[in-house]
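Here the structure is laid out as structure tokens; the discussion comes afterwards.
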Amino acid sequence: MRILVSGGGVAGLCAGIDLVAGGHDVTLVERSDHLRINGSPIDIRGESIDVAAKMGVLDPIRAHRIGMSERIEFVDASDRVVAVLQPDEVNDTADDVEIPREDLVTILRAALPTTTPLIFGESISALHDDGAGVDVRFSSGASDRFDLVVGADGMHSATRRLVFGPEHRFLRPLGFYTAISALSASARKDGRNSMFNSPGLMAGITGYQDKALAVFLFRSPWIDYDYRDLDAQKMLLTDAFAGQRKWRIDELLEAAIADPELYFDSVSQIDMDTWHRGRVVLVGDSAYCASPLSGRGTSLALTGAWYLTEALGDHPDDVDRAFAQYERLQRPHVLRAQATAAPGGDLLAPATRDAIDARNEHLRTASR
Ligand SMILES: Cc1cc2nc3c(=O)[nH]c(=O)nc-3n(C[C@H](O)[C@H](O)[C@H](O)COP(=O)(O)OP(=O)(O)OC[C@H]3O[C@@H](n4cnc5c(N)ncnc54)[C@H](O)[C@@H]3O)c2cc1C
């Protein structure tokens, strides 16, 4: 089949690799003019490790394994450690692989056959599914026809909006916003991962190899802003930490404001009763974002693309049955991943001073 994949993130690249291996003729379009490789390291967990092995990418993934979340220290304003988060509080099993997002995206890009078009600076602007195929008009003005369209364009998916309706119908905010920015390597002292809390706020420094990152998490009711407007994102981050001068918050905010690739978004989940309509199907965050607090978004992208491809192979002449099989196999992973996100916010950014003290006491007891 001729298949269009919208989005060149983890889900889109996995869909491309798997669908090509399944014998399909695939084209990928990515809205950005480059692969978006920034972000903090992500985890490959559980069943997605087997999927990575079947895709032939597990060895390079393991070769780039890091141990950033092995020890997270919560510190006070004087940088004294007040509690430590041990790896067994965040990992499923010792087999989990933590890898820089940039390395994973680069490995997946390398695994995509060079004959598969990956078109940058392009996105879908309109779709018409007539039952036998999908006519697509692109933002560049080009148009084409495909047998299937796979939306892998992230939490703010344009494919979902065009086919299923506006974002607010599916997006469930968890009450937090997060930001991640690059930091000069020298900012990270002795390889420590340090987090500082004020009620409802967390600012921290993490890193791996010679990289350092500033990370932020703050509680907030829903904010209406243009999620593509970087200046607005920087303003919201600065506003959230206004008046906070303790620890190294000034220094971290300065780095975030200077970063042209700052990652900023609401911490939200996507909830949909179904991930397919006609000849259009969604994978990854566009269909079932679990949020960064779950630590499982990348694993879901790997399993989702795999089940989708397997299902199309099992039912080559019946896309409805294929999509139903994909949803049946993938949904239990999604439910589990989404359920794990809620406690993460309370752990990382407790709402009150008492809750911060209680979290610290809990971690100190657990580590004895
Ligand atoms: C820059 C970036 C940094 C991230 N950092 C973290 C992190 O630190 N921690 C974490 O847990 N998760 C992070 N994530 C999310 C994480 O990558 C996903 O949860 C997970 O890997 C599933 O990926 P996905 O491909 O479904 O979505 P995404 O990773 O969001 O990828 C979607 C891709 O689609 C592209 N796209 C968007 N709209 C369109 C469009 N209209 N047409 C074509 N392409 C489009 C985007 O540019 C992006 O490349 C980050 C995502 C991005 C894009």
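Both ligands and their constituent atoms are indexed starting at 1 by order of listing.
Residue contacts with ligand 1, taken as heavy atom pairs separated by less than 4.0 Å, involve Ile180 solely via side-chain atoms from C-beta onward. For Ala152, every heavy-atom contact with ligand 1 shorter than 4.0 Å involves the backbone, none the side chain. Counting heavy atoms under 4.0 Å from ligand 1, residue Met155 does not touch it at all. Under 4.0 angstrom from ligand 1, there are no non-hydrogen atoms of Leu35.
Atoms of ligand 1 found under 4.0 Å from any heavy atom of Val29, numbered from 1 in the order shown, are 43 (C), 44 (N). The ligand atoms of ligand 1 that sit less than 4.0 angstrom from a heavy atom of Val10 are 21 (O), 25 (O). Of all atoms in ligand 1, listed by their number and element, those nearer than 4.0 Å to a heavy atom of Ala158 are 41 (N). Residue Ala11 has at least one heavy-atom neighbour below 4.0 Å for each of these atoms of ligand 1: 24 (P), 25 (O), 26 (O). Annotation for ligand 1: atoms under 4.0 Å from non-hydrogen atoms of Gly7 are 34 (O), 43 (C), 44 (N). Atoms of ligand 1 found under 4.0 Å from any heavy atom of Gly154 (numbered from 1 in listed order, with element): 27 (O), 30 (O), 32 (C). Taking a cut-off of under 4.0 Å to the non-hydrogen atoms of Ser6, the atoms of ligand 1 that pass are 42 (N), 43 (C). Residue Ser40 approaches ligand 1 through these ligand atoms, each under 4.0 Å from one of its heavy atoms: 7 (C), 8 (O), 9 (N).
Ranking protein heavy atoms by distance to atom 48 (C) of ligand 1, first place goes to Glu30 OE1, 3.5 Å. Protein heavy atom nearest atom 36 (N) of ligand 1, with residue, atom name and distance: Asp153 CB, 3.8 Å.
Annotation: cation-pi pair Arg160/Trp275 absent, no NZ/CZ under 6.0 Å from the ring centroid and within 45° of its normal.
The shortest N or O to N or O distance between Ser123 and ligand 1 is not under 3.5 Å. Considering backbone and side-chain atoms together, Arg31 places an N or O closer than 3.5 Å to an N or O of ligand 1.
Judged by distance alone, the side chain of Asn197 and the main-chain N or O of Leu348 form a donor-acceptor pair under 3.5 Å.
In this structure, the ring of Tyr307 has its center less than 6.0 angstrom from the ring center of His333. Between Phe176 and Phe218, the ring center distance fails the sub-6.0 Å criterion.
For the residue pair His156 and Asp265, a side-chain donor N or O sits within less than 3.5 Å of a side-chain acceptor on the partner. Side-chain contact, Glu47 with Thr303: no donor N or O sits under 3.5 Å from an acceptor N or O.
Within a 6.0 Å sphere centred on CZ of Arg137, heavy atoms belonging to other residues, nucleotides or ligands number 12 at most. Open room surrounds CZ on Arg321; 12 or fewer heavy atoms of other groups in view lie less than 6.0 Å from it.
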